[in-house]
Amino acid sequence: MADKAIPAPATEWIARTGLGARAFVYLAVAWLLALGAVGARPDDGASPGEAFRAIETQLGGRILLVALAAGLFLYALWRFQQAILDTDARGRDAKGMLARLGMMSSGASYLLVGIAAFAVTLGENDRGGSTGGKTAETARWLMEQPYGRWLVALGGMTLMAIGCAQAWRASSGQWKRSLDLSGWAASLTGFIAFAIAGRGMLFLLVGLFLLLGGVTADESDIRGLAATLGWIRGQPFGFLLFLVSAAAIGMYGMYSGVQSLRYTFD
């Protein structure tokens, strides 16, 4: 395993704190989806930004958001360390570099989520403007740039590939790597596999909408996670599929919590 630039005890604390923050985000989004399942309009969804705004309205919410943002920044730092220093010994072959690229991408995405959480505390993340979340907003901005539609399409194909990889991780059991699943954690393996596969399917759908928007050059075809969940709800048997999606998101939060408690750093 590669040498660590951060001492091992500090690395473990950073990782566990960051994973705990990620668990909180997924559980908060799942809770909002559950609350909105009965009364929301068919085009409604839920996103981390909406979860942050809901947290802000609670007593001590801004303090909690600052703590949550700090945790997500720590998670991003840990993922960057994994990718750059190869602390998981993935190697420099094609498979290893692809895994490390995924770690870097994960770190970057949660860094943005952490920034969004902090922005809510500053009142800089209001509900005005375009809807659909940061994914859709970024894609629509790219569509206005030279060759932007093809970059959006490429991003969609990449996200679809990530979704397929997540489904493979769930079916192959690769997610069990570096986890201590003894004792009580063993009873959760089926739920975790379902969560990883379900999250992968949501990634696949969001990527498909990005690809469609890039190919057609029509911004209305682009959907982020929240809008994709709303689209799912509007399909035949959509309410059931919406509930299944919400359950997958919540169980992914549970998986992150298990990682926070049971990740092994040997």
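These numbers come from the heavy atoms of this one structure, side chains and all, not from hydrogens, waters or symmetry mates.
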Problem set entry | Side chains of T264 and D180, donor plus acceptor under 3.5 Å | no
For this session: Could you list all the ring-ring contact (aromatic ring centres under 6.0 Å, His included) pairs where at least one residue sits in residues 186-213, not counting sequence neighbours?
Result: F209-W231
Problem set entry | Audit row: Y75, V25, side-chain contact (heavy atoms from CB on, under 4.5 Å) steps and yes/no | CA-CA 12 Å; Y75 178 80; V25 170; over 6 Å; no
For this session: Heavy atoms only: give me the nearest M143-I222 pair and the separation to one decimal.
Result: CG-CD1, 3.9 Å
For this session: With sequence neighbours left out, write down each residue that passes ring-ring contact (aromatic ring centres under 6.0 Å, His included) with Y252, or none if nothing qualifies.
Result: Y26, Y255
Exercise. Cluster question for you: counting only ILVMFWY and a side-chain heavy-atom cut-off of under 4.5 Å, with indirect links fine, are W184 and M251 together?
Worked result: yes
For this session: Output all residues satisfying side chain to side chain contact (heavy atoms under 4.5 Å, CB included) with A69, sequence neighbours left out; order by chain, then residue number.
Result: F73, A117, F118
For this session: Check G107 against A76 and note the closest heavy-atom contact, atom names and distance.
Result: O-CB, 3.2 Å
For this session: Answer yes if L64 and V113 sit in the same cluster of Ile, Leu, Val, Met, Phe, Trp and Tyr residues linked by side chain heavy atoms under 4.5 Å apart, and no otherwise.
Result: yes
Exercise. Can you hop from L181 to L188 via hydrophobic side chains spaced under 4.5 Å?
Worked result: yes
Exercise. Is L27 isolated, or which residues cluster with it under the ILVMFWY side-chain rule of less than 4.5 Å, directly or via members?
Worked result: none
For this session: Please report the closest heavy-atom contact between T189 and W175, naming both atoms and the distance.
Result: O-CZ2, 3.6 Å
Seminar exercise, completed: Heavy-atom closest pair (S106 atom, R79 atom, distance to 0.1 Å) is OG-NE, 3.4 Å
For this session: Can you see which heavy atom on Y110 is nearest to which on L72, and at what distance?
Result: O-CB, 3.9 Å
For this session: Please determine, by modelled atom types, if Q174 and R177 share a side-chain donor-acceptor pair under 3.5 angstrom.
Result: no
Problem set entry | side-chain contact (heavy atoms from CB on, under 4.5 Å) between E219 and W141, worked out | CA-CA 10 Å; E219 294 183 1; W141 176 82; over 6 Å; no
Seminar exercise, completed: Cluster membership besides F237, Ile/Leu/Val/Met/Phe/Trp/Tyr side chains within less than 4.5 angstrom, sorted by chain and number, is none
Exercise. Backbone N or O of Q166 within a donor-acceptor pair of the R199 side chain at under 3.5 Å?
Worked result: no
Exercise. If we only count heavy atoms from C-beta on, is the F24 to V29 side-chain gap below 4.5 Å?
Worked result: no
Problem set entry | Straight-line distance of I249 CD1 to L32 CG, nearest 0.5 Å | 10.5 Å
Problem set entry | Rounded distance (nearest 0.5 Å) linking atom CE of M103 with atom CG of L98 | 10.5 Å
Problem set entry | Distance-only donor-acceptor check, side chains Q259 and R22, under 3.5 Å | yes
Exercise. Do I192 and M254 come close enough that some side-chain heavy atom pair is under 4.5 Å?
Worked result: yes
For this session: State whether the side chain of R90 and the backbone N or O of G96 hold a donor-acceptor pair below 3.5 Å, judged by distance alone.
Result: no
For this session: Could you check V206, L202, L205 and say which one makes a side chain to side chain contact (heavy atoms under 4.5 Å, CB included) with L159?
Result: V206
Exercise. Which heavy atom of A23 sits nearest a heavy atom of G253, and at what distance?
Worked result: CB-O, 3.2 Å
Exercise. Would you say the side-chain atoms of S245 pair up with the backbone N or O of L241, donor to acceptor, closer than 3.5 Å?
Worked result: yes
Exercise. Going from OG on S172 to CD1 on I196, what distance comes out if it is rounded to the nearest 0.5 angstrom?
Worked result: 9.0 Å
Exercise. What residues join L154 in its hydrophobic cluster, counting side-chain heavy atom gaps under 4.5 Å, either direct or through other members?
Worked result: M157, M160, M201, L204, L208, L211, V215
For this session: Enter the distance from Q235:CD to I232:CD1 here, rounded to the nearest 0.5 Å.
Result: 8.5 Å
Exercise. For the side chain of T17 and the backbone of I14, is there at least one donor-acceptor N/O pair under 3.5 Å apart?
Worked result: no
For this session: Taking the side chain as every heavy atom from C-beta outward, state whether R92 and R100 have any pair of such atoms under 4.5 Å apart.
Result: yes
Exercise. Between OG of S171 and CZ of R169, what distance do you get to the nearest 0.5 Å?
Worked result: 10.5 Å
For this session: Could you give me the CA-CA distance, side-chain angles and deciding distance for Q82 and M104, then say whether side-chain contact (heavy atoms from CB on, under 4.5 Å) is met?
Result: CA-CA 8 Å; Q82 284 182 304; M104 181 68 75; over 6 Å; no
Exercise. Mind checking whether W13 and L19 sit in one hydrophobic cluster, side chains of I, L, V, M, F, W, Y counted as touching below 4.5 Å?
Worked result: yes
For this session: Find the distance between CZ (F239) and CG (L243) and round it off to the nearest 0.5 Å.
Result: 4.5 Å
Problem set entry | N/O donor-acceptor pair under 3.5 Å between R16 side chain and Y263 backbone | yes
